[in-house]
Amino acid sequence: MVDKNNTLSVVIPMYNEEVNIRPLFDRLFPVLDGLGMPYEVVCINDGSKDRTLEILEDELGRRPGLVVINLARNFGQHAAVMAGFSQSKGDWIITMDADLQNPPEEIPNIVEQFRKGHDLIGTIRKGRKDTFFRKFASRVTNRIVAKISGIELHDFGCMLRGYSRQVVEGILENPEYRTFIPALATFFAKSPVEITVGHEERAAGESKYSLIKLFSLQLDLMTGFSMWPLRILFAVGTFMAISSLAGAALIIMLRLYYGPGWAAQGVFTLFAVLFFVIGCQFFALGLLGEYIGRIFQAVRKRPTFILGWVRGQGKQ
Ligand code: UDP
Ligand code: MG
């Protein structure tokens, strides 16, 4: 089927992916040519320290339809995708990872959903090939995030997703300094749908997410989309205040009943209570700090990314 009315942009963030670019392109471009519609492949070099940029520049001359964005330095996966969105021109935009964990052969299935009129196409990874720990962590997070944010998505982590131009514009108009695109997109979608896609092991190279980076992404996801942590904090605080009041009343009563001799033995219990309360306060402060930090970042209006240069153009 030839479809000249719609155009497609494929947005791929790349950080130290020198070994994956060519194998990816060898599979991706034939799939896109087979779609029979104008397309562009927007690759964002997210401050790579290896030969990623060199290879991309080399491919520019060889692959019609390739657009390369060079960011000034490393801004992280989601900021890189934002940069890709900002330069993309397609009516339909598909994001994917560079490491071939998302098979390019799934793209026609996403395009089919666009043709049916859906404006946000989520994906659920079938037979996910990640370590047990990664899978377990994702399952717990997906569950918690779905509950807290009220966003019904089954698999937040999979970046092979489709967005209509309208959804992308919505995302671009809300450039939070730190964001999680799949969750943000659900706010702007009118007709979202989820499909199942295959998942493979990372073709080569290492995962760019350390445990700390992963944790900070989950925190972004949680604090970025709900006030629940703050409310839980308030509830816990109220409960503790009431129960400690009750405890104090009990101690006073026992003291009156048993006399002063009894009270001395209570010193250690008091210490235990004290430490517990101090612990809770630190927890609360940390959480508040997280939100205040976000306010600070929002107030400063720092850009999510800084463009180095953009080269290349789409293929008709
Ligand atoms: N990535 C990026 N900037 C970063 C980290 C990752 O552009 O700071 C890209 C990376 O090149 C890949 C995608 O984001 O295309 C997903 O990264 P990775 O495969 O390491 O994540 P995982 O699959 O382990 O979740
Ligand atoms: Mg990966």
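Because the structure is a prediction, the values reported are computed rather than measured.
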(request) May I ask you to say whether E112 pairs ionically with R115, meaning some side-chain N is under 4.0 Å from a carboxylate O? (result)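 No, no charged N to carboxylate O under 4.0 Å.
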(request) Determine, for D58 against R63, whether the closest basic-nitrogen to carboxylate-oxygen distance falls under 4.0 angstrom. (result)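 No salt bridge links D58 with R63.
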Report the distance from atom [atom1] of [X] to atom [atom2] of [Y], rounding to the nearest 0.5 Å.
| X | Y | atom1 | atom2 | result |
| --- | --- | --- | --- | --- |
| E17 | D46 | CD | CG | 10.5 Å |
| M37 | Q316 | CE | CD | 11.0 Å |
| I12 | I69 | CD1 | CD1 | 11.5 Å |
| R73 | S48 | CZ | OG | 14.0 Å |
| L172 | L184 | CG | CG | 9.5 Å |
| I171 | H78 | CD1 | NE2 | 11.0 Å |

Just wondering, do [Y] and [X] contact through their side chains at under 4.5 Å, heavy atoms?
| X | Y | answer |
| --- | --- | --- |
| Y15 | T52 | no |
| L56 | F25 | yes |
| V310 | V67 | yes |
| W309 | V68 | yes |
| L307 | L71 | yes |

(message) For the CD atom on Q166, are there more than 12 heavy atoms of other groups (residues, nucleotides or ligands in this structure) within a distance under 6.0 Å?
(response)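 Atom CD in Q166 is not packed in, count stays at 12 or less.
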(message) With a sphere of 6.0 Å drawn around CD of Q313, does it hold more than 12 non-hydrogen atoms of other residues, nucleotides or ligands?
(response)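 Check fails, neighbour count at 12 or below.
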(message) Suppose the criterion is salt bridge (charged side-chain N to carboxylate O under 4.0 Å, His left out): which pairs have a residue in residues 88-101, not counting sequence neighbours?
(response)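 Matches after skipping sequence neighbours: D99-R202.
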(message) Test: salt bridge (charged side-chain N to carboxylate O under 4.0 Å, His left out). Region: residues 32-43. Which pairs qualify, not counting sequence neighbours?
(response)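 Listed by first then second residue: D33-K315.
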(message) Angle between ring planes, F85 versus Y163, binned at 30° and 60°: parallel, tilted or perpendicular?
(response)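 Plane angle over 60°, so perpendicular.
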(request) Verify whether one side chain among R165 and S9 offers a donor that lies under 3.5 Å from an acceptor in the other. (result)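 No pair is found: no donor N or O on one side chain lies under 3.5 Å from an acceptor on the other.
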Checking the side chain of [X] only, and the main-chain atoms of [Y] only, is there a donor and an acceptor separated by less than 3.5 Å?
| X | Y | answer |
| --- | --- | --- |
| N16 | K49 | yes |
| N102 | M96 | no |
| S191 | H118 | no |
| E200 | P103 | no |
| D119 | K190 | yes |
| T95 | M159 | yes |

(message) Applying side-chain contact (heavy atoms from CB on, under 4.5 Å) to T186 and L120, what does each step give before you reach the verdict?
(response) CA-CA 8 Å; T186 56; L120 178 64; 4.1 Å; yes
Please give me the minimum heavy-atom distance between [X] and [Y], naming the atom from each residue.
| X | Y | answer |
| --- | --- | --- |
| S88 | I93 | OG-CG1, 3.9 Å |
| F75 | I306 | CZ-N, 3.4 Å |
| A98 | M14 | CB-CG, 3.7 Å |
| L60 | G312 | CD2-CA, 3.9 Å |
| T123 | C158 | OG1-SG, 3.2 Å |

(request) Check step by step if side-chain contact (heavy atoms from CB on, under 4.5 Å) holds for N109 and V197. (result) CA-CA 9 Å; N109 299 331; V197 294; 5.9 Å; no
Let me check something: do [X] and [Y] share a hydrophobic cluster, defined by ILVMFWY side-chain heavy atoms less than 4.5 Å apart, either directly or through other members?
| X | Y | answer |
| --- | --- | --- |
| I21 | V31 | yes |
| Y258 | M253 | no |
| L28 | W92 | yes |

(request) Check each of L8, V11, L66, L24 against V41 using the side-chain contact (heavy atoms from CB on, under 4.5 Å) test, and report the only one that passes. (result)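 So, applying the side-chain contact (heavy atoms from CB on, under 4.5 Å) to V41 and each of L8, V11, L66, L24, only L66 qualifies.
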(message) Would R311 and E57 count as a side-chain contact (heavy atoms from CB on, under 4.5 Å) here? Give the steps.
(response) CA-CA 9 Å; R311 248 177 254 166; E57 285 187 277; 3.0 Å; yes
